[in-house]
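Notes follow the structure.
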There are 2 protein chains.
Amino acid sequence: MAKRDIEGLDERSRAVLWAIIKSYIESPEPVGSRFLTRRYGFGWSPATIRNIMADLEEMGYLMQPHTSAGRVPTDRGYRYYVESLITERPDEDSSLMEELEREFQSVADDMDRLLGVTTDTLSKISRYLGLGVSPGAEGSVLRQVEFVPYREDRIAVIMVTEEGIIRHKIIKNDYGFSQGDLKQIAGYLNREFAGHTIKEIREHLVNEMISEKRKFDTLVERAMEIYRDFIYEYDSNIFLSGMTRILDLPEFTDLRQIKDLTRTIENKHALVKLIDQIMDSDGLQVVIGMENPVEELQGMSVIASTYSEGDRKAGVIGIIGPRRMNYSSSISLVETAARFLSNLYNEGGEGWKRGK
Amino acid sequence: MAKRDIEGLDERSRAVLWAIIKSYIESPEPVGSRFLTRRYGFGWSPATIRNIMADLEEMGYLMQPHTSAGRVPTDRGYRYYVESLITERPDEDSSLMEELEREFQSVADDMDRLLGVTTDTLSKISRYLGLGVSPGAEGSVLRQVEFVPYREDRIAVIMVTEEGIIRHKIIKNDYGFSQGDLKQIAGYLNREFAGHTIKEIREHLVNEMISEKRKFDTLVERAMEIYRDFIYEYDSNIFLSGMTRILDLPEFTDLRQIKDLTRTIENKHALVKLIDQIMDSDGLQVVIGMENPVEELQGMSVIASTYSEGDRKAGVIGIIGPRRMNYSSSISLVETAARFLSNLYNEGGEGWKRGK
DNA sequence: ATTAGCACTCTATCAAGGTGAGTGCTAAAG
DNA sequence: CTTTAGCACTCACCTTGATAGAGTGCTAAT
């Protein structure tokens, strides 16, 4: 049995675990005792390493794909690595920052587009899958809503949020509102609701409908109805980018996995559980393998962070990659990207400051 | 040598070719002479069939994967099949029509969303990849443009086309236009350009800029500038749907192919050549294998059709599948979908008629 | 013109055997 | 008590060879 103190592993075990994970991250092949001595030249013989590895396996940090293969890190191993073994954590990733600044120049200010580009860039630099989520109903604050009459009997409802997200929908003008009516309605809604989150507005509208149903005159009542129909569809946009990149990784040789992943990407809706979990905690989170609430992603790891507007969590930006992904550099990439997005909201140049 | 008349193949060759393709469509395995006699019980022995097949191969309709395998259709074989051998062509696909009608109820009238749903549905029913392209600059007619002031120094430019497409962009309000200015500008643009295609407007704006640069007062001039910046980004939306479905086909066992296809789907831009080709011809087109101008799709076939608004071709709807796809049913599906979309434009119920 | 017969070709599959990397255990050395 | 050398063992992987099966082309007979 190896020495181990209460808090974790002894120095030797840590060194061996670190070396195994490091090596496995570079190339996904089970690593054996001889290989370790050759490569990292600890002071110990393969036999000693074997003993240590046996202990690590017993403790659940390693596993063998089959009896006579080398060891491979388990989720728990990665977890320990992430928590305790990563040393070099570059504070900021300058190449990403440069790239983002450059992209930012060209993309103007539509938040959805900006988030899309950030996700692409993150994927491009990390060589993994990029994940971006725009603010949802809780995070988005209504800035302005506008009604544009359209064709004979339609209205285009257009909404802009503080975060710079535009959503629109075409709705039937069943009540035959005139242009003037629409203007009045929009004015009312803006006066009443601007500055509130979409979620608050939704709740308000529901209460309104139930408790004070007859209190307002019909124009307003019907306006609310229309707006309610519209606002109920408001939802986050989910961006995923870089599928082709990830298929080039050596572990994606299995059809099964590829199909699962493709399905997940096509049906982004499947990701809500994961996104919720990330939104539940502040800042950066690492989700390794089986820890992932989304079954199809349990063969992978996720590094993601919330970005925020002021003290309100807005959305999520992150990376999805294989379990053996390069955690330290990916973590710094995601941190940088999240900071970039938060900055845009909170201080960002050229009048981007919130008016509130 | 088999008999062949000038126009094509003799009766027997046609029968054999038909049977081979039919069988290969059902399951992608080289089909041999004995199998054919068993299955289709022509009056001839395997040896006779072999002679016929040898002739067909010489003429380029069939090929052998290797010397002692059965035959497989070539692109030319499929082409002949599509042109001359398909008999059953159901005029309308009722299940698709029903599904589309049902979806249509729930999706309201945003053209992009509608096209997306149609593409999904087409994929779902055909079990191949669905392709949808919304009207581009030539096909889209400006209905209305609106400027919504936003934050201190931004303007959200919002445009609605006759086809029911909404596009928006946030632009800097460098000139400090007031709400009144914006209204005036929008009024001017709408008066001047509504009813013209985006392409025409673009060209007009360019000419304007060059030849009559100083003719207008500055307000209008600057408005045009802003609008030009916006309108230059107008482009078709390309929808692709059903990737996971197509991965279930037995031929997609090759990583190489999967990667190519994934790349194509992620970078939809690669499809422009194909889309242009389809837009160049009226109505339905079948593109088989190597005929495809997009290299990554040369292992597949495409059945696609333009849909139209009046006599103007608007966009494209279609199916991408393996070369051995079920041409007859797919053709009828695509025809139905195209008709559905055209109808929505041209006569469709509930006031969908164009105001023009 | 058709077909039966036959030799031939090629793929797919399976079993057998060898190789090499890696292990666990034990006993000796430090 | 810790470390290490030695050794037997396991297992994945590769190569090889043998076999079966499907299909072909050619030729000669019908």
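The chains referred to below are lettered A, B, ... by the order of the sequence lines, with proteins before strands, and numbering in each begins at 1. Predicted model, so just to flag it, every value in this text is computed and none were measured.
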Exercise for the section: Indicate whether OP1 or OP2 belonging to D:dC11 is found under 4.0 Å from a side-chain N or O atom of A:T67. Expected result: yes
Practice task
Please check the phosphate of C:dA21 (OP1 and OP2 only) for any side-chain N or O of A:R38 closer than 4.0 Å.
Solution key: no
Practice task
Check the distance between D:dT24's C1' and B:L62's CG and give it to me in whole angstrom.
Solution key: 14 Å
Exercise for the section: Could you check B:T48 against B:H66 and say which one's nearest nucleotide on DNA chain C is further toward the 5' end? Expected result: B:T48
Exercise for the section: Report the C-alpha separation of B:E251 and B:R323 in whole Å, then their side-chain angles, then the decisive distance to 0.1 Å, and conclude whether the salt bridge (Lys or Arg N to Asp or Glu O under 4.0 Å) test is met. Expected result: CA-CA 10 Å; B:E251 41 261 89; B:R323 285 219 277 267; over 6 Å; no
Exercise for the section: Starting at atom CD1 of B:I52, determine the distance to atom C1' of C:dT2, rounded to an integer number of angstrom. Expected result: 10 Å
Handout entry: Under-4.0 Å salt bridge between B:E296 and B:R263
Key = no
Fill in the blank from the handout: Taken to the nearest whole Å, CE/B:M53 to C1'/C:dT3 is 15 Å
Practice task
Search all heavy atoms of A:S126 against all heavy atoms of A:I319 and return the closest pair with its distance.
Solution key: CB-CD1, 3.5 Å
Exercise for the section: Without swapping roles, check the side chain of A:S84 against the backbone of A:Y81 for a donor-acceptor pair under 3.5 Å. Expected result: no
Practice task
Check whether any side-chain N or O of A:S68 sits under 4.0 Å from OP1 or OP2 of C:dT23, and answer yes or no.
Solution key: no
Exercise for the section: Identify whether any heavy atom of A:A47 sits under 4.0 Å from a base atom; if not, whether one sits that close to sugar-phosphate; answer base, sugar-phosphate or nothing. Expected result: base
Exercise for the section: Please check the phosphate of C:dT23 (OP1 and OP2 only) for any side-chain N or O of A:S33 closer than 4.0 Å. Expected result: yes
Handout entry: B:R71 vs D:dT24: side-chain N/O to OP1/OP2 distance below 4.0 Å
Key = yes
Exercise for the section: Would you mind reading off the distance between A:Q64 atom CD and D:dA12 atom P, rounded to a whole angstrom? Expected result: 11 Å
Problem - Spacing between B:E57 atom CD and D:dG23 atom C1', to the nearest angstrom - result: 12 Å
Handout entry: N-O pairing of A:E26 and A:R39 below 4.0 Å
Key = yes
Problem - Length of the line joining A:W44:CH2 and D:dT4:P, which is rounded to integer Å - result: 10 Å
Exercise for the section: Please evaluate the base of D:dG25 for a donor-acceptor partner in the side chain of B:R50 within a cut-off of under 3.5 Å? Expected result: yes
Fill in the blank from the handout: A:L56 atom CG is separated from C:dT23 atom C1', nearest whole Å, by 15 Å
Fill in the blank from the handout: In whole angstroms, the gap separating P of C:dT3 from CZ of B:R34 amounts to 14 Å
